[in-house]
Enquirer: 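I'd like to ask you about the structure that follows.
Treat the numbers as computed from the prediction; the structure is a model and nothing was measured.
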Amino acid sequence: MRLSQKPIVILVVALILPPAGLILLWLRKSASVFRKSLGSLAIVMLGVAHLFLFYGMRMELTGGFRPVFTFRGGERHYRQLEAHRAQFQAPAPPIADPPPSAPRPAESVPEPLAGSTYWADFLGPGRLGHYDQKPILTSWPAGGLHQVWKQPVGGGYASFTVANGLAFTIEQRRGSEVVAAYDVRTGRERWTHSWKALFEEVLGGNGPRATPVWDDGRVYALGAQGELRCLESATGKPIWNKNILTDNGAVNLQWGMSASPLVVDGKVIVAPGGDHGNSIVAYDKLSGKRVWGSLDDRAAYDSPTLATVGGRRQLLAITAKRAVGLAVEDGKLLWEYPWVTQNDINVAQPIVVAPNRVYLSSAYGHGAAVLELTPKGDGFETRVVWSSNRMKNKFNSAVLHEGFIYGLDDGILACVDAESGELKWKGGRYGYGQLLLASGHLVVLTEEGDVVLVRATPDTHREVARFTALSGKTWNIPAISDGLLLVRNEVEMAAFRIAAD
């Protein structure tokens, strides 16, 4: 028998290079087909292990729980990201937390950039997902929108907020959560601020989820494990911090803290989900001192929002078991409506669809409903105007336009009449992506990383344009500010010129 056909030789070769071992196995004349088949199965399994251990292959799940094998992320991606940032290093080094007793060194403040504060909040002004700052292009070139810049980014599912020429997001970089500020014109990193934290979850993925928000020269960022930081927006210098889970005796959610902080009336509203009045909590935005706490519900994954409903300015939120309205001043419960889903997965934002009506939606077999609020005493009583399973927003929020609700119904774009709940149309399989409304059109970022322009009309589904912006699974919400469309996913980020002028 030749040396190459000996079982021990085939085994050693298969351990080093599985494809070569597979070839040698089938060249072995003395082995039966049955033995070769069993050996082939073992070598194939060994080859898959090689891909995971030595070549960085990972398994991810889409929003529909379909497994996808990818080489994105991991050590190779971190090296690429670090090399990119080293090449285009910001003028100031990353800012770390100083010891509590150490004096703060004098720091040079980077020159402020030109730009507005239009998209300074999660989902833009009013958390509505509407871009009305200036008209967008509704006739795109064949190759798509003009790319301004594109580069690697750390992991996680946060979106961007933009103020004074800086785009803010939060990323996972190795074992740390990193708040980063980028020059929106060039993509250049202006500053970073980090802390040790690594949230890992096999179904949804690793990294922070909540989008940082800007207010009056400060950035408020929340990590997936509950770390809340207030930073100077120009430099990233820390002002105050606390962990909202430990501070409120709360337990983290299965898919991590995901609700973006809401800054209103000098307070930062967060949703740790603790009991005994610690479910939704307000901190002083300047000092971090606790102002009030409300409810005892476990948290969900949507973000609190400010709206005027039934003639009263109030906080709207969906916890793990109900939709609520709270007084901004003290967190007093104004109204409630049961809203329970599988594994407490309420993600989509509530939408005010009429002066006294609120739209709610969740997937996992739940659906949508519109509630009518009628003043009663110091609060409101609720009535269901309509409910339907024709719109199930899983982890993507819908938008309202001229009396119609547009959203992804378990991955398929749909249009529903806000007044009656009637389904007007359903079409366009964009997966579990995200969408915004601009210039009478829907700007859809698909789960596969394509940007799609769709007419926002109740007549029919009408796709206008499409191009590939990112590669791989994309769950992050896009942002539009000063005529730039900002998109990102777990591994890359990009800016495209979408303004009509």
Enquirer: State whether Glu75 and Arg79 are salt-bridged, where the test is any N-O pair (Lys NZ or Arg NE/NH1/NH2 against Asp/Glu carboxylate O) under 4.0 Å.
Expert: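 Answer for the salt bridge query: yes.
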Enquirer: Is the distance between the ring centroids of Tyr432 and Trp475 less than 6.0 Å?
Expert: no
Enquirer: If you measure from the Lys or Arg side-chain nitrogens to the Asp or Glu carboxylate oxygens, is any gap between Asp330 and Lys332 under 4.0 Å?
Expert: no
Enquirer: Compare all side-chain heavy atoms of Leu315 with those of Ile269 and state whether any distance is below 4.5 angstrom.
Expert: yes
Enquirer: Listed by chain and number, what are the ring-ring contact (aromatic ring centres under 6.0 Å, His included) partners of Trp425, not counting sequence neighbours?
Expert: His461
Enquirer: Which residues satisfy the side chain to side chain contact (heavy atoms under 4.5 Å, CB included) test with Ala180, sequence neighbours excluded?
Expert: Glu171, Arg173, Tyr182, Thr192
Enquirer: Determine whether Leu245 and Asp247 make a side-chain contact, defined as any pair of heavy atoms from C-beta on separated by less than 4.5 Å.
Expert: no
Enquirer: Find out whether Leu333 and Val324 are in side-chain contact, i.e. whether some heavy atom of one side chain is under 4.5 Å from a heavy atom of the other.
Expert: yes
Enquirer: Answer with yes or no whether the side chains of Asp296 and Ser279 bring together a donor and an acceptor at under 3.5 Å.
Expert: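 Checked: Ser279/Asp296 side chains show no N/O donor-acceptor pair below 3.5 Å.
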Enquirer: Listing request: all side chain to side chain donor-acceptor pair (under 3.5 Å) pairs with a residue in residues 117-129, at least two apart in sequence or in separate chains.
Expert: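 Those involving residues 117-129 are Asp121-Arg127.
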Enquirer: Using a strict cut-off of less than 4.0 Å between a Lys/Arg side-chain nitrogen and an Asp/Glu carboxylate oxygen, indicate whether Glu227 and Lys242 qualify as a salt bridge.
Expert: no
Enquirer: Does one side chain, of Asn393 or Tyr359, offer a donor that lies under 3.5 Å from an acceptor on the other?
Expert: yes
Enquirer: Between CD of Gln225 and CH2 of Trp195, what distance do you get to the nearest 0.5 Å?
Expert: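 It is 10.5 Å, given to the nearest 0.5 Å.
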Enquirer: Hey, are Gln349 and Thr305 close enough side-chain-wise for a donor-acceptor pair under 3.5 Å?
Expert: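 No, no side-chain donor-acceptor pair sits under 3.5 Å.
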Enquirer: Which residues pass the salt bridge (charged side-chain N to carboxylate O under 4.0 Å, His left out) test with Arg390, not counting sequence neighbours?
Expert: none
Enquirer: Using a 6.0 Å cut-off, check whether atom CZ of Arg174 has over 12 heavy atoms from anything other than its own residue.
Expert: yes
Enquirer: Please determine whether a side-chain nitrogen of the Lys or Arg among Lys285 and Asp215 lies less than 4.0 Å from a carboxylate oxygen of the Asp or Glu.
Expert: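 Looking at Lys285 and Asp215, the cut-off is met.
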Enquirer: Between Gln172 and Tyr157, does any side-chain donor sit less than 3.5 Å from a side-chain acceptor?
Expert: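 Short answer, no.
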Enquirer: Would you say the side-chain atoms of Trp335 and Gln314 include a donor-acceptor pair closer than 3.5 Å?
Expert: yes
Enquirer: So, Trp214 versus Ser233: side-chain donor-acceptor pair below 3.5 Å or not?
Expert: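 Short answer, yes.
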Enquirer: Among all residues two or more places apart in sequence or in another chain, which pass the salt bridge (charged side-chain N to carboxylate O under 4.0 Å, His left out) test with Arg298?
Expert: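 Result, salt bridge (charged side-chain N to carboxylate O under 4.0 Å, His left out) vs Arg298: Asp344.
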Enquirer: With a 3.5 Å cut-off and no angle check, do the side chains of Thr341 and Asn346 form a donor-acceptor pair?
Expert: yes
Enquirer: Could you verify whether a donor N or O on one side chain and an acceptor N or O on the other, from Arg290 and Asn278, lie under 3.5 Å apart?
Expert: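 Yes, Asn278 and Arg290 have a side-chain donor paired with an acceptor closer than 3.5 Å.
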Enquirer: Any non-hydrogen side-chain atom of His77 less than 4.5 Å from a side-chain atom of Pro152?
Expert: yes
Enquirer: Residues in salt bridge (charged side-chain N to carboxylate O under 4.0 Å, His left out) with Glu200, at least two apart?
Expert: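 None.
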Enquirer: Would you call Asp409-Lys392 a salt bridge at under 4.0 Å N-O?
Expert: yes
Enquirer: Below 4.5 Å, heavy atoms only, C-beta onward: do Asn252 and Met257 meet side chain to side chain?
Expert: yes
